[in-house]
2 protein chains.
Amino acid sequence: MQFDDKVPIYYQIKNYLYHRIIAGQLAPGDKVPAVRQLAVDLTVNVNTVQRALSEMVTEQVLISKRGRGNFVTEDVTQIAALKHHLIVTYVQQFYHQVHGLELSDDEIVQELRTYIATQKGADK
Amino acid sequence: MQFDDKVPIYYQIKNYLYHRIIAGQLAPGDKVPAVRQLAVDLTVNVNTVQRALSEMVTEQVLISKRGRGNFVTEDVTQIAALKHHLIVTYVQQFYHQVHGLELSDDEIVQELRTYIATQKGADK
DNA sequence: AATAGTGTCCTATTTATCTATTACACTATA
DNA sequence: TATAGTGTAATAGATAAATAGGACACTATT
C-alpha cells in the first residue's frame, strides 16, 4: 500500500479498513488480519497498526477479543452510519476545495462528470 | 484561520495561498503580505510561513525580492496551469474516495448534487 | 503440558514539524 | 545617514509520529 506522507500513516490505515468494511470485503463479524500480519502486508510497524486498530475498537467499529483477534462489529446500523459519515465528509471536503477555486456549482459537477468519463474508457 | 491537525501547517498555508491567487484576491504581480504579518494573521510562527513561501518561490508561483517582499508571478499561464492541476487533483481524490465506498458513478454525482442543493438554501 | 497465534504494553530512538529567538542582508524613505 | 520594513538564515527546544525490540496475557490446538 502507498501512503501520503502528509497524513499520519495510522490515520490512513484506519481509512483503508473503513473502506474495506464498507465495501464488504470485511463483513460484519469477520476477523481482521492479525496486527503482525497487517504490519507485514502494509510494510509498516506493528505499533502503527496497533494504534489504528485500537482507535477503531474505541469507536466500536471493531471488537477486540484478546488472544483471538479483532473482529468487525456485527452492528450493521453502525456500519451504515459510518458509510454515510464518510460520504458526507468527502463530499463536503471536495465541494469546498473546488468552490474555493472559483468554480460555479455547475462547473463543479461538470468537472466531476468529465473525470468519470475519462475513467470509463481507461481499462484497469 | 483553522488548521487540520492531520496535515502540516506549512502545507495548508501553501494551499491557502494557492486558492487566494487563483481566486484573484492575490493578482499577478501583487505583493504577498509580509511574512511577519502573515504569521500574525494566521497565528503561526514566522518560520512556518517562511517554509510555505520559500517552497512556492521554488515552484515559481511566487517571486522573492529581498528587502521588498514576495510577489505573485505575472505568468498567467502558470497560474492557469496551477488551477487546472488543483482541480484535477481534487476531483481525482474525491472520485477515488467515494468510489472506494462502493458508490456507482451515478450515485457519486447524485451525492454531490444533493450536497450542493443543501448549500443553496444555507445562508452564509 | 507445550506450543503457536493472538492482542497488548513498554521503553528507547529517530525524524518531521512547529515554535521561539536572534541575527544578518537588502530596500525604501524620512 | 538613520530607521523601519522587508526577506533570509541559524540555533535550540518541544511535540507527535513512526520505528525497533522486547515482554506479557490470553486462546486454541496438539
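Predicted model only: the values in this text are computed from it and were never measured. Chain naming here is simple, since letters A, B, ... match the order of the sequence lines and numbering starts at 1 in each.
- The outermost nucleotides of DNA chain D lying under 4.0 Å from heavy atoms of chain A, listed 5' to 3', are D:dA17 to D:dA28.
- The phosphate of C:dG7 has OP1 or OP2 within less than 4.0 Å of a side-chain N or O from A:Asn70.
- Around CZ of A:Phe3, the count of heavy atoms belonging to other residues, nucleotides or ligands within 6.0 Å exceeds 12.
- Under the 4.5 Å side-chain criterion, counting only non-hydrogen atoms from C-beta, A:Val32 is not in contact with A:Ile21.
- Looking only at side-chain heavy atoms (C-beta outward), B:Glu111 and B:Leu103 come within less than 4.5 Å of each other.
- Only at 4.0 angstrom or more do the heavy atoms of residues 11-19 of chain A sit from any atom of DNA chain C, so none qualifies.
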Could you list all N or O pairs between the protein and nucleotides 22-25 of chain C that sit under 3.5 Å apart?
unit_1, atom_1, unit_2, atom_2, d
C:dA25, O4', B:Arg66, NH2, 3.0

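- Applying the ring pair (Phe, Tyr, Trp, His ring centres under 6.0 Å) test to B:Tyr115 and every residue at least two apart in sequence or in another chain returns A:Tyr95.
- Looking at heavy atoms from C-beta onward, B:Leu62 lies in side-chain contact with B:Val72 at the 4.5 angstrom threshold.
- Inter-residue side-chain proximity for A:Ile9 and A:Asn45 is flagged as unmet; no heavy-atom pair is nearer than 4.5 Å.
- Comparing A:Val7 and B:Lys31 against DNA chain D, the residue whose closest nucleotide sits nearer the 5' end is B:Lys31.
- The stretch residues 50-63 of chain A touches DNA chain C through A:Gln50, each having a heavy atom within less than 4.0 Å of the strand.
- Side-chain atoms of A:Asp106 and A:Gln110 form no donor-acceptor pair, as typed in the model, at a separation below 3.5 Å.
- The nearest pair of heavy atoms linking A:Leu82 to A:Tyr18 is CD2-CD2, 3.6 Å.
- In this entry the distance linking CG of A:Asn45 with P of C:dT11 reads 17 Å, nearest Å.
- Heavy-atom contacts from other residues, nucleotides or ligands closer than 6.0 Å to NE2 of B:His84 number 12 or fewer.
- With sequence neighbours excluded, no residue forms a salt bridge (charged side-chain N to carboxylate O under 4.0 Å, His left out) with A:Lys83.
- Residue whose closest nucleotide on DNA chain C sits further toward the 5' end, between A:Asp5 and A:Arg68: A:Arg68.
- Two residues are said to be in side-chain contact when any heavy atoms from C-beta on lie closer than 4.5 Å; B:Gln93 and A:Gln97 meet this criterion.
- A 4.5 Å side-chain heavy-atom check between A:Asn70 and A:Lys65 finds every atom pair outside the cut-off.
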Decide yes or no on side chain to side chain contact (heavy atoms under 4.5 Å, CB included) for B:Gln60 and B:Thr73, but give the supporting numbers first.
CA-CA 7 Å; B:Gln60 300 190 322; B:Thr73 179; over 6 Å; no
